[in-house]
Each structure stands twice: as structure tokens, then as C-alpha cells.
Number of protein chains: 2
Amino acid sequence: MITDRQLLILQAIIDDFIRNAQPIGSRSLSKKEGIAFSSATIRNEMSDLEEFGFLEKTHTSSGRIPSEKGYRYYVDHLLAPQSLKTDDRRIIRSIFADRIYELEKIVQKSAKILSELTNYTSIVLGPKVKDNKLKKIQIISLSRETAIAIIITDTGHVENKVISLPPSFDMNEIEKMANILNDRLVGVPLAELRDKIYKEVAVLLSQHIHNYGTLVTSLAETLDISNPPKLFFGGKTNMLKQPEFHDIDKVSSLLSLIEQEQGLYEIMKQNPAGIHVKIGRENNNVLLEDCSLITATYSVGQQQVGTIAILGPTRMEYSRVISLLEFFSKDMTALLTKLYQNY
Amino acid sequence: MITDRQLLILQAIIDDFIRNAQPIGSRSLSKKEGIAFSSATIRNEMSDLEEFGFLEKTHTSSGRIPSEKGYRYYVDHLLAPQSLKTDDRRIIRSIFADRIYELEKIVQKSAKILSELTNYTSIVLGPKVKDNKLKKIQIISLSRETAIAIIITDTGHVENKVISLPPSFDMNEIEKMANILNDRLVGVPLAELRDKIYKEVAVLLSQHIHNYGTLVTSLAETLDISNPPKLFFGGKTNMLKQPEFHDIDKVSSLLSLIEQEQGLYEIMKQNPAGIHVKIGRENNNVLLEDCSLITATYSVGQQQVGTIAILGPTRMEYSRVISLLEFFSKDMTALLTKLYQNY
DNA sequence: GTTAGCACTCTGTCCTCTTGAGTGCTAATA
DNA sequence: TATTAGCACTCAAGAGGACAGAGTGCTAAC
């Protein structure tokens, strides 16, 4: 079994490594405050910890560094729940201080501030709109061939799409069309609009509008708001500041992954409520082998709407980042709930 | 005076350096096709070219590399107008092939494709909306305290803003308000909306609407669409592939510049029509000392609406990039003119 | 005016040596 | 029996030297 002293040493090593990014040896560790045993004793304990798989060596006579398993144990058992500095609280609160009504702007600003606070890369998966329900749809004619559909959802999200009109469409019929759409589609989740248009609206349109054939397809396809939630980033280049990423090739492929978005989206979207830590290879992605990803979710009322994550090296300040995200996610949820729940 | 043979040599050196990123010496140059003189002769000519300031050495016994002045001469006088490969044409045309009606999407896609085609970073300054004229404004109530203003411009650009309503605002007055706004503001350039609201609309609102005081401020401030045009990027990380940016610190500060946007925006916004090349320090920015920026503009009809740029190392394939941008800007202008001019 | 030849220079690479920080093992100690 | 001191050993990183390769500038010959 693992002893208390071993845990003390493990914790000291990981804390030190997170700070200095350097392998740490028995002698320097023995000089640390709170460590009262000789370097020889520490060597023995380290050797045991290595056998358990919590530590690794970079070469035979180097100091030890934490292994993935070591970080995992540290995160699961050794993390002292650190309370946030008032400064940090204040800065996070400032995100929500301005009266901003657009969710996207809040999300964008959050990404920026979280990356500045942590010096890592922040990724925010914006609110899922496709679960939102249609509140109102407006159609405004633009030219002979095009009109704009403005879609407003129950959470206050607004989206506009250009729809193309059939060649000989009568402008007077726009209002009729809008009425039909509102009549039938209000309250329908955005993801189901397309279906509903084909199934219910098409019939009605055929009764009231000339030339409805191509119009139905055009409507159904443009109102199909199944576009995945947007990803927002902050501090994309913060990775470059970390000593473990001073290798151009590593950093290059990592940044490509970030820029591509697709890969990260897959990772972000499957996120259960609460705070989760994925360390190194737990991310199931070669490019993220040396990274850890800490995710948190935010909600409107009880409904979880988005995910926020911090991406850093495995040698990440877990404690601080977790506290930040906890605080942030609580505040964000509170704000969103207040703003949008009663629509 | 500079002789024809010197120009031939200068051109050969620059072409070679653009390809291989290695200083080039007299002997290897003498082996090149089209160069019929001995290495000694070339050495003499190179020495002259260096005296003129067109070439540099990295150290006393190294081969030569082009100086900024060398590139400048090359771009101004030696560039053979290269015609585009049909492949490239096809790919650029494909941007405009889909029936996309939203300008932003076209711009975004352009940035992506141009960066893929060149392997450099592309930057597109989106259309200036503030010169657009208001075509229609719609107001849709959202909650007790908020409503959405939808602003449509003569170029088909749509923007929505949340406006906050005074506490005891009567919902029935929304339509009245919208009518007043439309009546007074249609045809007004977006940049002047704010002014016009204070000067003309305020009076009218005071006559027809209770509680108009805070409403006017709220309207004026939210409808103030002086937000600068957006910047779109493609291939932000392409810089990392260039051998001259294999230095982390250099690349890090350059990417920060790109991520900040502000600096680049300043550079992009002041752009006269046509294609322009800025080499190294001509960019007036320490971080861009080793970069060249080639910009082109695009228009709707006669009105120039945006700028597109390619950012690469000074050792850039000027000829190819210029051809690409020329072709692109012509096509883009043609498409936009067709789509939006007759609104 | 052009070219051949030669002495010289600088970079990059390879090798060796040395130092310092670390380890593991063994024997002495509390 | 658990801890510590001591010692031999290992490895990385840095310094210094030797050397090959690619280049230059200059001078003299063509």
C-alpha cells in the first residue's frame, strides 16, 4: 500500500514540477520546507512511487517527473480545493458586469478572459441553438430573388438567413407566407423545422401560394439550423509560452488541430455536466498526448447549454484552473438563467 | 548603371532564394541554366550588386541573399507576369460557384482557400458596413425590457442588435417607433444613424411615445453601427511551415500580432485600390520586419468595399501571389457587383 | 573584359572532456 | 527495523578543438 509519506512526496514533486517544468531529484526535494527526511530516504520512496507508476525518469540518472497516472492520482486524491483570489473573482465577475444581451458576445469575452487568467488556451462551445424553440419568424424581402428570414428563439437567439425565392414570386405573398410559417412553426425546436416544413407547411403553402414547389425546398433547406454550435477560442498562442512546446513541430501540429476546429468539436460536444479533467492520452488524440483538457458546463436553468474548456500542458495548474472554472460556470449559469429563462 | 547581366544574376538569385531559402554562391549560380559565365565573373557582378544594395551576405564568406531593396527592385522591374495555372483558376472559381448569399460566408471561404493555395496567411478585411445605407429597420419585441432591432442595408447586409427598453415601455408603441425610425432613417448611411437619431428622430419620438428619454439614448447607442469591419483569416499557422520562422520567439510574437487583430486592422484599412506590395520594414512594424504583405481590394460596382491580403515571409512567391490576388479580386468584384449592385 | 587559381573565412558537425545533478546500492546508525 | 551516510556510477549539457565544405576577394593570365 501507498503510505502517507509517499503521498506527501508525490504531491511535493508534482507541485514543484508544475511550477518549474524541471525533473526533480531527491536532494533538492529534501531541502524543501515540510520535508524532513534525508535524500536517501526520499530516494527509496521515489523508487517505490516509480514502481507504482506515479513517477517517471527522463533518463537513468535524471530526477523524477510525474507520469500520467501520477497526475491522475494527484487530481483525484491530492488536490487541495484552493479558494480563488479576490482578484480572480473580480475579473470573472467583470465579464458579466456590462449589460450585454447577446449570448455570443458574453461567450466570446469569457473565452478571452479565461485564457488571460490562466495563460492557457480556452475553448468555449457556444450554446446549442438547435434545441431552442422558434419564437417568431419574420420575412423581409430583399430583392426580386431573395428575402431574409429572421429567426428568433425562446432564448433570445437571433439568426438570419437569406432565402432564395422562385423566379416569378409575387411579393405580396411574402406576408401570407410569413403568417403560415409562424402559425405552424412557433414552439418547434429548430432542429425539427426542416421536417415540419415538409410535413405540415408544404400543404398549407400549396393552398395559398402560387409556385410553391421550389419555395418549399428553399425554405426547408435554409431554415435547417442544424449548424453545430460555434467554437470560441482565447489565447490560441498561449501554448507557445509553455516550455514543453518549444518544439516547432509539436506546436505546429497542435495549433493546426486548434485551427481546424473539427477535432476539438468532437471532443467538446460529448460532455456530461460538472467539471472533468482529461489527462494526456485520456484525450484519445495523439496530438493531445502532452496536453490536459479541463471542461465545465454551463446551463440556463436546468438545461445545460454549453461547455467551456481549458487546454494546457499535462503539467497544468489543475487546482487553480478547476477553481476558476467552477466559479465561472456557476456565475455564467446564474447570469444566463436570469437573462433568458423567463422568455 | 546596372547592366542587363547584373539584372539577370539578381533575378536568378532571388528566384533561387525564394525557392530554397538558402544563401546562394557564385559557383552554384554558374551551374544554373541560362547563366553562361564563370563563377569569377559572377562574383564580380555580385559584389557590384551588393554595393548597389540589392544583395546582402549573412557573414563574410557566405553566399548572397536578397536585401529588402533587392526584393523591391525585383517586384517593381523583374517580375514576369505569370499566368495562373488552370487548376488555380478552377479552385478560385469554386469559391463563387455555390449560391451563397451571405457576403460574410463568401469572405470567410475566400480567406481559407487563398491560404491553402499559397501556403501563406491570408487576411480579408470584410465589407465596410458603415457606408451602407439603411434599407429597412424592424423591431421585434423580445421581453419586457428588450427588443431586437434588425437592420438591413442596401447591400443586403443584415445586422441585429438587442435594444433595452425603458422600464414601463408600452409594447403597443413598438410599431409606432418602428414606423418613425423607418420614415426618418431609410437611406441614411449607417455611420450617421446615431447623429440623425439625436437630431431628428428624438423630436418625433417625444411627440408620439411616452417615456421617450432613455429610449432615445438606448436607440442611438445600439444602432450606432460604427463597429469596424471584421477581419477574417486563413492559414494562421502557415507561418510555422516557413524555415525563417523556425524560431519560437519570432513566431510567437508574430502570431500574437495576428491574434490581436488590432495592429493588422490598422495596416489593412488604409488601402488604395489595386494591388500593393509591402516588403519587410515598409510595413512599419517591427514584428513584420521579415514579412511581406500583398494587398488587393475588391468592390461592388465602382465602390470599393474591402481588402484582401496575403502575409508571408519577405522570401515570398511574389509573382504567384500577385497573379492569384489579381484574378481573385477581379472575380470577387464581378460576383459581388452582380449580386448586390441592383438592390 | 573574362577567367583560373589561390589564400582566406566562416559555419556546421563531430569528437572529446568535464562538470553537475542525479541515481542505486551497501553498510553503518538510532 | 527504518533511516541515513557514503560511494561508485550514469547521463545531459556545455566548452573546446579539429575538420570539411561552401563561399569570398584578389591577382595574374588569357
Side-chain angles (χ1 to χ4, degrees), chain A residues 1-10 12-17 19-32 34-67 70 243-244 246-248, chain B residues 1-10 12-17 19-32 34-67 70 243-244 246-248:
Chain A
M1 242 346 275
I2 191 164
T3 68
D4 280 0
R5 189 168 67 189
Q6 286 169 343
L7 291 185
L8 179 64
I9 290 176
L10 179 59
I13 291 176
I14 299 189
D15 283 338
D16 186 279
F17 188 70
R19 239 196 187 61
N20 309 116
Q22 292 294 333
I24 178 160
S26 53
R27 207 174 122 69
S28 32
L29 196 57
S30 72
K31 287 186 197 144
K32 265 201 164 6
I35 307 254
F37 353 101
S38 78
S39 64
T41 310
I42 294 172
R43 273 205 291 288
N44 291 330
E45 300 290 37
M46 279 172 141
S47 173
D48 286 354
L49 285 168
E50 185 173 358
E51 222 162 87
F52 294 154
F54 292 136
L55 295 179
E56 286 173 351
K57 281 188 283 194
T58 58
H59 57 87
T60 38
S61 73
S62 77
R64 304 300 210 290
I65 61 172
S67 68
E244 39 266 87
H246 263 23
D247 171 35
I248 280 271
Chain B
M1 244 343 280
I2 191 165
T3 68
D4 280 359
R5 191 168 66 187
Q6 286 169 342
L7 290 185
L8 178 64
I9 289 175
L10 179 60
I13 290 176
I14 299 189
D15 283 339
D16 187 277
F17 188 70
R19 241 200 183 61
N20 305 314
Q22 293 294 333
I24 179 158
S26 54
R27 208 173 120 72
S28 32
L29 196 58
S30 72
K31 286 185 196 145
K32 266 201 161 9
I35 308 259
F37 355 101
S38 78
S39 65
T41 311
I42 294 173
R43 272 205 291 288
N44 291 330
E45 300 289 38
M46 278 173 144
S47 173
D48 285 355
L49 285 168
E50 186 173 359
E51 222 162 89
F52 295 155
F54 292 137
L55 295 179
E56 287 172 354
K57 281 189 284 196
T58 58
H59 56 86
T60 38
S61 74
S62 78
R64 304 302 209 291
I65 61 171
S67 67
E244 39 267 86
H246 262 23
D247 170 34
I248 279 270

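Just so we're clear, the structure is a prediction, and the values are computed from it rather than from any experiment. A note on names: the letters A, B, ... follow the listed sequences, proteins ahead of strands, and every chain is numbered from 1.
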Asker: Rounding to a whole Å, what distance do you find between B:E51:CD and D:dT24:C1'?
Answerer: 15 Å
Asker: Looking only at non-hydrogen atoms, find the nearest pair between A:A21 and A:P243 and report the distance.
Answerer: CB-CG, 3.8 Å
Asker: Report yes if a side-chain nitrogen or oxygen of B:K57 is closer than 4.0 Å to either non-bridging phosphate oxygen (OP1 or OP2) of D:dA22; otherwise report no.
Answerer: no
Asker: Does a side-chain N or O of B:R5 approach OP1 or OP2 of C:dT2 to a distance below 4.0 Å, or not?
Answerer: yes
Asker: Whether A:T60 contacts C:dT23 is assessed here as follows: a side-chain N or O lying under 4.0 Å from the phosphate OP1 or OP2. Is that the case?
Answerer: no
Asker: Verify the contact: side-chain N or O of A:S62 to OP1 or OP2 of D:dC11, cut-off strictly under 4.0 Å; return yes or no.
Answerer: no
Asker: Pick out which of B:L55, B:I24, B:I65 makes a side-chain contact (heavy atoms from CB on, under 4.5 Å) with B:F17.
Answerer: B:I65
Asker: Toward the 5' end of DNA chain C, which comes first, B:S39 or A:S47, by nearest nucleotide?
Answerer: B:S39
Asker: Side chain to side chain contact (heavy atoms under 4.5 Å, CB included) between A:F54 and A:I13: does it pass, once the steps are laid out?
Answerer: CA-CA 11 Å; A:F54 292 136; A:I13 291 176; over 6 Å; no
Asker: Counting heavy atoms from C-beta on, name the nucleotide in C:dT2, C:dG24, D:dA5 closest to the side chain of B:T41.
Answerer: C:dT2
Asker: Does the side chain of A:K31 get closer than 4.0 angstrom to OP1 or OP2 of C:dA21 through an N or O atom?
Answerer: no
Asker: Quick one: is C:dT9 close enough that its OP1 or OP2 comes under 4.0 Å of any side-chain N or O from B:S61?
Answerer: no
Asker: Ignoring hydrogens and angles, tell me if any N or O in the side chain of B:T41 forms a donor-acceptor pair with the backbone of B:F37 under 3.5 Å.
Answerer: no
Asker: If you compare every side-chain N and O of A:R64 against the phosphate oxygens of C:dA21 (OP1, OP2), does one of them come in below 4.0 Å?
Answerer: no
Asker: Is there a donor-acceptor pair under 3.5 Å between the side chain of A:S67 and the backbone N or O of A:G53?
Answerer: yes
Asker: Rounded to whole Å, please give me the gap between NE2 in B:H59 and P in C:dT9.
Answerer: 14 Å
Asker: If I take atom CD in residue A:E45 and atom P in nucleotide C:dG24, what distance separates them, rounded to the nearest angstrom?
Answerer: 13 Å
Asker: D:dT4, D:dG6, D:dT24: which one has an atom nearest the side-chain heavy atoms of A:R43?
Answerer: D:dG6
Asker: To the nearest Å, give me how far apart CG (B:N44) and C1' (D:dC26) are.
Answerer: 10 Å
Asker: Can you name the closest pair of heavy atoms from B:I9 and B:E45 and give their distance?
Answerer: CD1-CB, 3.6 Å
Asker: Starting the side chain at C-beta, find the nucleotide from D:dT4, C:dG22, C:dT3 nearest to A:S28.
Answerer: C:dG22
Asker: Picking from C:dG24, D:dT24, D:dT4, which would you name as closest to the side chain of B:M46?
Answerer: D:dT24
Asker: Taking only N and O in the side chain of B:S26, is any of them less than 4.0 Å away from OP1 or OP2 of D:dT24?
Answerer: yes
Asker: B:S38 has a side chain; which of D:dC11, D:dC26, C:dT3 sits nearest to it?
Answerer: C:dT3
Asker: Figure out the CD1/P separation between A:I9 and C:dT23, and round it to whole Å.
Answerer: 11 Å
Asker: Take atom CD of A:Q22 and atom C1' of C:dG22, then tell me their distance rounded to the nearest Å.
Answerer: 13 Å
Asker: Once you round it to whole Å, what is the distance between P of D:dG23 and CG of B:L29?
Answerer: 10 Å
Asker: Would you mind reading off the distance between A:I65 atom CD1 and C:dG22 atom P, rounded to a whole angstrom?
Answerer: 14 Å
